[in-house]
Amino acid sequence: MTRRSDFRELPARLLAWFDRHARVLPWRAPIGVARDPYRVWLAEIMLQQTTVPHAAPYFQAFTQRWPRVEDLAAAPEEDVMRAWAGLGYYARARNLLKCAREVAARGGFPGTSAGLRELPGIGPYTAGAIAAIAFGERSAAVDGNVDRVFARLMALKGEWAEEKKRLAAEVARLVPDERPGDFAEALMDLGATICTPAAPNCMICPLTDMCAARAEGAPERYPVKPPKVAKPVRYGHAWVYRRRGKVWLVRRPPEGLLGGMLALPSAVWQEGEAPEAVPPSKADWQALGEVRHVFTHFTLRLSVWQAETPRNPAGEGMWADPEEETGLPTVFAKALALATGGKVRRR
DNA sequence: AAATCGGGGTT
DNA sequence: AACCCAGATTT
């Protein structure tokens with residue numbers, strides 16, 4: 001018997017399960033109710049490599065402040081970056097605004113995955129997801145959940161990069177003509193609530209009888225991925241200028257790490273050993289301690305210093321009230337909390 | 001194909 | 001500490 005025939009009943013079985021167990025989420029509508037492409041798109045961008053609980057309050061804030069794509073398109077970039085602060089992967093926010101402006105200019109979202117794929121910030125997964133969920137296109141949406149679910153269903157043991165391609169082709173074959181969007185969300189819900197990474201709950205899985213990994217007895221061993229390289233440590237210093245209770249913030253260059261975001265003045269972070277502490281200007285600098293922060297491909301150990309200053313530091317910047325400022329990326333919010341004795345402000 | 005790009009929850 | 005999350009873009 002071929003794999004394909006093994007999965008013959010999968011779409012109907014999965015959709016029947018989804019009808020009873022779909023998660024209720026802010027960007028969803030009741031099953032059968034049309035979805036607003038703007039809200040679908042916004043949620044998909046926010047959810048890239050981001051958990052549902054982390055993204056949800058940002059989705060609420062964005063849709064309340066910018067109810068339509070035209071509203072977002074008209075927003076200053078500074079406002080969008082500030083509203084995105086804390087969500088991470090800030091290129092998403094820059095591309096979000098670019099995309100909103102292109103969509104507003106052309107009078108709406110493209111209705112096909114191929115058209116969506118041309119827009120900034122929309123890759124293969126997101127194009128397929130929006131096309132299926134918002135427009136009913138028979139397109140696949142293969143995310144990390146779907147990778148895991150099918151690695152187990154098929155008991156894939158080969159090189160992960162190759163197996164992902166095979167699995168994606170299998171998913172594409174299985175997308176039903178009816179309810180392709182529900183099919184995409186059902187697979188993600190199954191991965192998020194039952195076929196979980198560490199301890200899948202096969203006892204209540206609607207697909208357990210067609211799962212090869214379950215038949216082998218150890219589904220949690222899948223997917224088989226290559227080992228990850230250890231993160232190096234980088235060291236740096238951050239400088240908190242204070243004046244009448246306010247702090248001096250600068251804007252980072254538009255590209256690269258934390259690109260376009262507000263920040264504390266800080267030199268380049270160096271690997272290996274801590275660089276000498278050379279402040280941007282002479283003052284009575286006081287050491288406040290160290291902040292540790294984990295980025296995607298390195299760990300940062302940031303020494304934080306503060307000093308009172310009577311005048312504006314050199315270069316572009318602004319004075320901000322540390323109690324009110326919510327536009328800082330988390331690493332700088334942590335550093336600032338060290339200076340003010342406050343907590344890291346987040347939604 | 002590999003590197004870059006955040007932050008936080010789970011185990 | 002390791003793993004992962006509704007991945008995309010650049011090198």
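Chain A is the first sequence line, chain B the second, and so forth, proteins listed ahead of strands; every chain is numbered from 1.
Counting only heavy atoms from C-beta on, A/R117 has its side chain closest to C/dT9 among C/dT9, C/dA8, B/dT11. The side chain of A/Y89 has B/dG6 as its nearest neighbour among B/dG6, C/dC4, C/dT9. In this structure, of C/dC5, C/dG7, B/dG8, it is C/dG7 that holds the atom nearest to the side chain of A/T126. Side-chain proximity of A/Y90 to B/dG6, C/dA8, B/dG8: nearest is B/dG6. If you check C/dC5, C/dG7, B/dT11 against the side chain of A/A198, the one that comes closest is B/dT11. Of the candidates C/dA6, B/dC5, B/dG8, the closest approach to any side-chain atom of A/W27 belongs to C/dA6. Taking every side-chain heavy atom of A/H293 into account, B/dG7 is the closest of C/dA6, B/dG7, C/dT9. Listed nucleotides: C/dA8, C/dC5, B/dG6. Nearest to the side chain of A/Y125: C/dA8. Of the candidate nucleotides C/dC5, B/dG8, C/dA6, B/dG8 has the atom lying nearest to any side-chain atom of A/T330.
Going from atom CG of A/D147 over to atom C1' of C/dG7 covers 11 Å, rounded to whole Å. We find that NZ of A/K165 is positioned 9 Å from C1' of B/dA1, with the value rounded to whole Å. We find that CG of A/L25 is positioned 10 Å from P of C/dA6, with the value rounded to whole Å. Here the P atom of nucleotide B/dG6 and the CE atom of A/M261 are 9 Å apart, to the nearest Å.
Under a cutoff of 6.0 Å and an axis angle of 45°, A/R234 and A/F298 form a cation-pi pair. Geometrically, A/R252 engages A/W269 in a cation-pi contact defined by less than 6.0 Å to the ring centre and at most 45° from the axis.
Among the protein residues, A/P124 comes within range of the sugar-phosphate backbone only, with heavy atoms under 4.0 Å from sugar or phosphate atoms but none that close to a base. Residue contacts shown for A/V52 include a base, since a base heavy atom lies under 4.0 Å away. Within the nucleic acid shown, A/L300 has no heavy atom closer than 4.0 Å to any nucleic acid atom. Counting non-hydrogen atoms under 4.0 angstrom, A/G256 reaches the backbone sugars and phosphates but no base.
Near DNA chain C, meaning a heavy atom under 4.0 Å away, the residues from residues 34-50 of chain A are A/E44, A/L47, A/Q48, A/Q49.
Using a 3.5 Å distance cut-off with no hydrogens or angles, the side chains of A/E216 and A/Y222 do pair a donor with an acceptor.
The minimum heavy-atom distance between A/V103 and A/F109, with the atom names listed, is CG1-N, 3.5 Å. Residues A/P322 and A/T340 come closest through the heavy atom pair CB-CG2, 3.6 Å. Taking each heavy atom of A/G136 and A/P180 in turn, the nearest pair found is O-CG, 3.4 Å.
Nucleotides C/dA8 and B/dG8 have their P atoms positioned 22 Å apart, rounded to a whole Å. Comparing the P positions of B/dT11 and C/dA6 gives a spacing of 14 Å, expressed to the nearest Å.
Each of A/V142, A/L167, A/L156, A/N145 was compared with A/F150 under the side chain to side chain contact (heavy atoms under 4.5 Å, CB included) criterion, and only A/L167 meets it.
Classification of A/R82 and A/E325 as a salt-bridged pair holds, one side-chain N sitting under 4.0 Å from a carboxylate O.
Both A/R28 and A/I122 lie near DNA chain C, and the one whose nearest nucleotide falls closer to the 5' end is A/R28. Of the two residues contacting DNA chain B, namely A/E162 and A/T296, the nearest-nucleotide position lying further toward the 5' end is that of A/E162.
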